[in-house]
Amino acid sequence: MSKFENFKEKIKSDIAKNRERIKELGPGIITGGASDDPAGIVTYTMVGATTGFSQLWLLLLSTPMMIGVQNTIVRIALVTGKSLPELTNAFYNKF
């Protein structure tokens with residue numbers, strides 16, 4: 001075998017190892033990337049790696065609710081010209 005063929009086999013071996021690592025993490029790596037803080041990334045990665053796709057049904061419930069909340073917040077911001085934190089602060093400072 002030439003040096004090029006050895007290098008080619010090494011690359012194929014590395015790709016196979018990385019694919020196995022990604023399969024082990026599964027949906028946890030995607031879920032972990034959704035949050036900004038390091039503790040959240042670790043937590044979501046662990047939960048995703050241990051439960052796999054078994055909690056994917058929650059996506060069907062949470063997505064329409066998230067769309068509804070975001071839609072409401074955008075409509076309020078368009079009418080008032082203020083963001084949600086500004087409105088929340090204004091409302092709760094009265095008490």
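Residues take their numbers from the sequence shown, with the count starting at 1. The analysis underlying the following values was restricted to heavy atoms, covering all of them including side chains, and did not include hydrogens, waters or symmetry mates.
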query: Say you draw a straight line from CG of Asn18 to CG of Asp14; how long is it, rounded to the nearest 0.5 Å?
result: 6.5 Å
message: Quick check on side-chain contact (heavy atoms from CB on, under 4.5 Å): which of Lys12, Arg19, Lys17 does Ile15 satisfy it with?
response: Arg19
- request: Please answer whether the main-chain N or O of Asn89 pairs with a side-chain N or O of Asn93 as donor and acceptor at a distance below 3.5 Å.
  value: yes
message: Count I, L, V, M, F, W, Y as connected when their side-chain heavy atoms are under 4.5 Å apart, and connections chain through other members. Are Leu58 and Met65 then in the same cluster?
response: yes
statement: Correct closest heavy-atom pair for Thr50 and Val47 would be OG1-O, 3.1 Å
- request: Calculate, to the nearest 0.5 Å, the distance between atoms CG and CH2 belonging to Leu61 and Trp57 respectively.
  value: 5.5 Å
message: Once rounded to the nearest 0.5 Å, what's the spacing between atom CG of Leu84 and atom CD of Gln70?
response: 9.0 Å
- request: Please determine which of Val69, Val74, Ile76 meets the side-chain contact (heavy atoms from CB on, under 4.5 Å) test together with Thr72.
  value: Ile76
- line: CG (Leu78) and CD1 (Ile73) are apart, to the nearest 0.5 Å, by 12.0 Å
field: Distance, nearest 0.5 Å, that separates CG of Leu87 from OG1 of Thr80
entry: 4.5 Å
